[in-house]
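The structure appears right after this line, and notes come after that.
Heavy-atom basis, side chains included; hydrogens, waters and symmetry copies ignored.
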Amino acid sequence: MKKALSTLAASVLVGLTGSTAHAAPRLELLVPAYFYPAGSGSDYWQALDAAAGQVGITAIVNVNSGPGDALDPNYLAAVESLRAAGGRVLGYVHTSWGGRDSAVEQADVDAYLARYPLDGFFIDEMASDAANLAHYTSLYTYIKGKGAGLTVLGNPGTPTDPAYLGAPAADILISFEGYATDYAQLPAGYFDPAFAGRLASIVHGATAAQMEAFIADAAPLGLAMIYVTDDTMPNPYDVLPSYWQQEVDRAAAVPAPGALALTGAGALAWLAGRRPRRKA
């Protein structure tokens, strides 16, 4: 039965990709690094540096709800150090769900690029409806005009009109940001399998057992990136989780379906959009 499932999964993958399945990239940890890189905050940034040698790390740098008014030497050092260790860094830009002026958003992009070596941008407070799509495709085009290799990661925090990835308005979308209790209850099919490898989740208030389960489920759900923390509101991103090294170890062992190299029941679960259930 296992062999039959593997053969079926492989044949489906060939149909989707036009080629045979191959090794998928590893799951990445997407870290909202909203801790200032001095004092105890420096310890967290150093922990990111250390983890980058073990698992893909993409950190979001947020100087002051954006790039701030001037270059901050501490942030510059932290960004350079993480990138030298093999990690990636995205600059935080908020958009007020499409209500912020495009010129102001573009000015934030320009300010970041003038001050910090970045790998792309984290577009926060992203709308999810078709009515606001043009706002985000415009911002996407502007960023790509600054560098085709810059990643645009959007955060609607909820399922989004498919055109946001099809147009595109983002390279990767965060389809969930919220409480672990809610994440554990997501319905089957919540993550659109058509966009496997281009989706991400951010989960806060999670126990260590929940973190283990959520990361184990990431590949079957089609996630390219995930972050799970036991930190809580009102700012669940001001420290790294208490189980940070455990999370790094767990993520390092999980492939992401960027190339859809899943076999057997895992591939079929992904294709069906099902979440394998585990008790926390």
Side-chain angles (χ1 to χ4, degrees), residues 26-63 65 75 78-79 82 85 87-92 94 122-126 153-158 172-186 190-191 199-254 256 275 278-280:
R26 294 289 183 180
L27 181 71
E28 287 194 41
L29 292 179
L30 173 65
V31 183
Y34 302 167
F35 26 81
Y36 187 72
S40 61
S42 291
D43 295 337
Y44 298 135
W45 280 94
Q46 289 169 15
L48 295 180
D49 292 353
Q54 185 177 350
V55 68
I57 296 289
T58 295
I60 303 162
V61 62
N62 185 359
V63 179
S65 295
Y75 271 114
V79 168
L82 179 54
R88 299 192 301 160
V89 182
L90 308 180
Y92 176 96
H94 72 90
F122 177 80
I123 309 303
D124 200 19
E125 299 176 350
M126 179 179 262
L153 195 157
N155 183 27
T158 188
I172 297 176
L173 285 177
I174 296 173
S175 292
F176 181 92
E177 180 187 12
Y179 294 96
T181 51
D182 295 329
Y183 194 71
Q185 301 300 318
L186 292 181
Y190 179 90
F191 295 97
L199 302 176
S201 292
I202 297 178
V203 187
H204 52 75
T207 66
Q210 286 176 316
M211 176 274 293
E212 291 271 356
F214 296 159
I215 290 182
D217 285 349
L221 291 175
L223 302 186
M225 311 172 89
I226 192 169
Y227 180 67
V228 186
T229 181
D230 54 357
D231 200 5
T232 57
M233 295 292 282
N235 183 3
Y237 314 125
D238 56 355
V239 297
L240 286 177
S242 63
Y243 43 65
W244 171 244
Q245 187 56 52
Q246 182 182 349
E247 181 166 346
V248 170
D249 293 341
R250 189 68 186 88
V254 178
R275 168 185 290 276
R278 291 175 174 81
K279 293 182 179 179

Considering only distance and modelled atom types, tabulate donor-acceptor pairs under 3.5 Å from the side chains of residues 232-242, sequence neighbours left out.
unit_1 : atom_1 : unit_2 : atom_2 : d
Asn235 : OD1    : Tyr237 : N      : 3.1
Tyr237 : OH     : Glu177 : OE2    : 2.6
Ser242 : OG     : Asp230 : OD2    : 2.4

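- Partners of Ile57 by side-chain contact (heavy atoms from CB on, under 4.5 Å), not counting sequence neighbours, listed by chain and number: Leu29, Leu48, Ala51, Ala52, Val55, Leu82, Trp244.
- Two residues are said to be in side-chain contact when any heavy atoms from C-beta on lie closer than 4.5 Å; Thr158 and Phe176 fail this criterion.
- One distance of note links OG1 of Thr58 with OH of Tyr227; it measures 13.0 Å at 0.5 Å rounding.
- Taking the side-chain contact (heavy atoms from CB on, under 4.5 Å) definition, one finds that Ala253 meets it with Arg250, sequence neighbours left out.
- The heavy-atom pair separating Tyr75 from Val61 by the smallest distance is CD2-CG2, 3.5 Å.
- Qualifying ring-ring contact (aromatic ring centres under 6.0 Å, His included) partners for His94, counting only residues two or more places apart in sequence or in other chains: none.
- Partners of Ala206 according to the side-chain contact (heavy atoms from CB on, under 4.5 Å) rule, which considers only residues two or more places apart in sequence or in another chain, are Ala180, Gln210, Phe214, Val228, Tyr243.
- The shortest non-hydrogen separation linking Val203 to Tyr179 is CG1-C, 4.1 Å.
- With sequence neighbours left out, Thr229 forms a side-chain hydrogen bond (donor to acceptor under 3.5 Å, both in side chains) with no residue at all.
- Residues Tyr190 and Leu221 are not in side-chain contact: their nearest non-hydrogen atoms beyond the backbone lie 4.5 Å or more apart.
- Contact record, Val254 with Ala219: CG1-CB, 4.2 Å, taken as the closest heavy-atom pair.
- Pairs engaging residues 34-44 under the side chain to side chain donor-acceptor pair (under 3.5 Å) rule: Tyr36-Asp72, Tyr36-Asn74 [sequence neighbours left out].
- Scored by the side-chain hydrogen bond (donor to acceptor under 3.5 Å, both in side chains) test, Asp124 finds Tyr92, Asn155 as partners (sequence neighbours excluded).
- For residues 47-56, the side chain to side chain donor-acceptor pair (under 3.5 Å) pairs, not counting sequence neighbours, are Asp49-Ser81, Gln54-Gln245, Gln54-Asp249.
- Rounding to the nearest 0.5 Å gives a distance of 8.5 Å between CG of Leu30 and CD of Glu28.
- Put simply, the side chain of Trp45 never gets that close to the backbone of Val79: no donor and acceptor are under 3.5 Å apart.
- You'll find the side chain of Pro156 reaches within 4.5 Å of the side chain of Leu173, heavy atoms only.
- Side-chain contact between Ile174 and Leu153: present, with at least one pair of heavy atoms (C-beta onward) separated by less than 4.5 Å.
- Separating the CD1 atom in Ile172 from the CE atom in Met225 is a distance of 5.0 Å, to the nearest 0.5 Å.
- To the nearest 0.5 angstrom, Ser201 atom OG is 5.0 Å from Ile226 atom CD1.
- Looking at heavy atoms from C-beta onward, Glu247 lies out of side-chain contact with Glu212 at the 4.5 angstrom threshold.
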